[in-house]
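To start, the structure itself, in structure tokens.
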Protein chains: 2
Amino acid sequence: MILFPGYTLVYGSRMHLTLQQMRLFEAVARHRSFTRAAQELHLTQPAVSIQVKRLEENAGSILVEHMGKRLFLTPAGHAVYEACVDILGRLRLLDQALDDLRADVRGPLELSVVTSAKYIIPPLLGAFIADHPAVTPRLIVTNRARVIERLADNRDDFVIMGQIPPELEVEAHPFLDNLLMIVAHPPPSSRRAARSCRPGLGRGALLGA
Amino acid sequence: MILFPGYTLVYGSRMHLTLQQMRLFEAVARHRSFTRAAQELHLTQPAVSIQVKRLEENAGSILVEHMGKRLFLTPAGHAVYEACVDILGRLRLLDQALDDLRADVRGPLELSVVTSAKYIIPPLLGAFIADHPAVTPRLIVTNRARVIERLADNRDDFVIMGQIPPELEVEAHPFLDNLLMIVAHPPPSSRRAARSCRPGLGRGALLGA
DNA sequence: TCCGCTTACGCCCTTCGTAAACATT
DNA sequence: AATGTTTACGAAGGGCGTAAGCGGA
């Protein structure tokens with residue numbers, strides 16, 4: 001039901017509400033100005049205008065009123081503003097949490113690699129350490145037999161070799177065009193590497209960053 | 001830095017994270033299945049798959065791991081899941097608040113209209129009441145002179161007439177192709193209609209719903 | 001007339017569905 | 001083989017900028 005042209009209020013279905021709309025509206029409400037909000041967010045006025053309009057459509061209520069020169073929030077506008085502050089704050093918290101998780105990649109990292117990987121691994125490991133300075137790796141380059149021995153004794157967080165030994169129940173991830181494998185005991189076996197490195201990283205991305 | 005193909009982790013800039021991505025991820029995490037999440041949200045598997053992938057790119061961390069048949073959340077995945085629950089819950093709260101605000105359109109509504117609007121207004125008013133049952137309107141249909149008198153005496157929340165009287169300082173909104181005007185004393189003057197109907201509605205949309 | 005908000009239009013990017021490929025059991 | 005996930009691609013929709021329109025001090 002419409003009385004004045006342009007006042008179509010859509011009930012329900014606040015499905016296509018957008019985080020960007022919330023960011024813009026929060027800035028608009030804080031500055032009480034579309035122009036300053038646009039400046040703060042490095043956007044143009046029309047972009048802000050249209051997004052606030054869409055937000056009003058999504059909310060099903062008018063949120064701002066222009067009384068002469070100044071801009072006021074309606075009660076619904078205040079409700080939306082509170083929600084925006086809460087939600088954007090929660091997002092910032094999540095950002096922090098994710099950063100902390102990534103920063104928490106720390107501790108000792110024991111690995112041994114076959115000689116043929118001697119020139120492949122150190123640069124990768126170096127880049128990984130650059131991203132995660134709290135990790136203290138100990139890299140042993142040795143022959144295949146000793147790598148298998150260390151693997152069998154569970155002395156490494158993981159090893160890197162070409163052919164996986166069939167007599168061991170291990171988990172292997174091929175990499176570098178299947179020339180090499182990252183080999184480790186499968187988790188449940190609580191390896192040090194698992195405890196120290198896995199938070200925030202997928203198991204397959206032990207060295208990925 | 002990439003070690004395994006497909007594990008590109010993008011740092012920072014969680015700017016284009018989407019509410020839809022959160023809805024999908026929340027459902028995926030709850031069901032531990034892309035398929036069931038897609039069913040619940042009336043989407044296809046690929047849509048869910050790609051959005052979760054994008055969410056992981058935005059988060060800068062892998063969020064889900066496929067261990068054989070079952071699906072697990074990484075620590076980062078749990079953090080994101082908590083945030084999704086919080087944010088979607090907050091949105092539901094906002095929905096409730098907006099509905100309540102709209103329901104709070106209540107109270108007496110006094111208006112008088114010129115005779116020529118006799119056949120126009122009642123259906124509009126009826127539809128408005130249907131949406132806002134707590135409003136108790138009193139409609140008076142009379143001639144132009146009495147409408148002006150009531151307007152001058154401030155006895156109505158607003159009136160509807162064709163030509164606005166020039167001797168009164170009033171606020172007029174044309175509607176119905178400028179044949180009729182909604183006329184009221186401008187706010188700051190705290191009219192009953194303003195108090196009873198305006199919460200949740202823009203001033204220009206007094207009857208709009 | 002100036003300033004600020006809105007509308008119009010066009011481009012680009014994103015999203016989703018269909019279909020096919022891939023993986024795991 | 002069957003179930004479940006991912007990739008490819010085309011169509012539809014949304015976001016934003018530029019430019020023009022509009023409205024109040």
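Only heavy atoms go into these numbers, but all of them, side chains included; no hydrogens, no water, no symmetry mates. Proteins come first, then strands; the chains are lettered A, B, ... in the order of their sequence lines, and each starts at number 1.
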Touch class at under 4.0 angstrom, heavy-atom based, for B/Thr44 against every strand present: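 Contact class for B/Thr44: base.
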Write down the distance between [atom1] ([X]) and [atom2] ([N]), rounded to a whole number of angstrom.
{"X": "A/Ile50", "N": "C/dC9", "atom1": "CD1", "atom2": "P", "answer": "12 Å"}
{"X": "A/Glu65", "N": "D/dG24", "atom1": "CD", "atom2": "C1'", "answer": "16 Å"}
{"X": "B/Leu19", "N": "C/dT15", "atom1": "CG", "atom2": "C1'", "answer": "15 Å"}
{"X": "B/Leu71", "N": "C/dT25", "atom1": "CG", "atom2": "P", "answer": "13 Å"}
{"X": "B/His16", "N": "C/dT15", "atom1": "NE2", "atom2": "P", "answer": "10 Å"}
{"X": "A/Gln20", "N": "D/dG14", "atom1": "CD", "atom2": "P", "answer": "15 Å"}
{"X": "B/His66", "N": "D/dT3", "atom1": "NE2", "atom2": "P", "answer": "19 Å"}
{"X": "A/Phe34", "N": "D/dC16", "atom1": "CZ", "atom2": "P", "answer": "14 Å"}

Listed nucleotide nearest any side-chain atom of [X], set [options]:
{"X": "A/Arg54", "options": "C/dT7, D/dT6, D/dG14", "result": "D/dG14"}
{"X": "B/Gln51", "options": "C/dT15, C/dT18, C/dT7", "result": "C/dT15"}
{"X": "A/Gln45", "options": "C/dC5, D/dC16, C/dT15", "result": "C/dC5"}
{"X": "B/Thr18", "options": "C/dT15, C/dT18, C/dT6", "result": "C/dT15"}
{"X": "B/Ala47", "options": "C/dC5, D/dT6, C/dG17", "result": "C/dG17"}
{"X": "A/Gln21", "options": "C/dG17, C/dT14, D/dG15", "result": "D/dG15"}
{"X": "B/Leu43", "options": "C/dC5, D/dT18, C/dC16", "result": "C/dC16"}

Shortest non-hydrogen contact from B/Ala27 toward B/Glu40: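 The pair with the smallest heavy-atom distance is CB-OE2, 4.2 Å.
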From CA spacing to verdict: side-chain hydrogen bond (donor to acceptor under 3.5 Å, both in side chains), B/Gln39, B/Arg36: CA-CA 5 Å; B/Gln39 288 169 348; B/Arg36 270 170 286 170; over 6 Å; no
Would you say [X] places a side-chain N or O within less than 4.0 Å of OP1 or OP2 belonging to [N]?
{"X": "A/Ser33", "N": "C/dG4", "answer": "no"}
{"X": "A/Lys53", "N": "C/dT7", "answer": "yes"}
{"X": "A/Ser49", "N": "C/dT6", "answer": "yes"}

A/Glu26 with A/Arg30: basic N within carboxylate O range, under 4.0 Å: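 Yes, this pair counts.
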Aromatic plane relationship, A/Phe34 with A/His66 - under 30° parallel, 30 to 60° tilted, over 60° perpendicular: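 Correct class here is tilted.
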B/Gln96, CD atom: more than 12 neighbouring heavy atoms under 6.0 Å: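 Not more than 12 within 6.0 Å, no.
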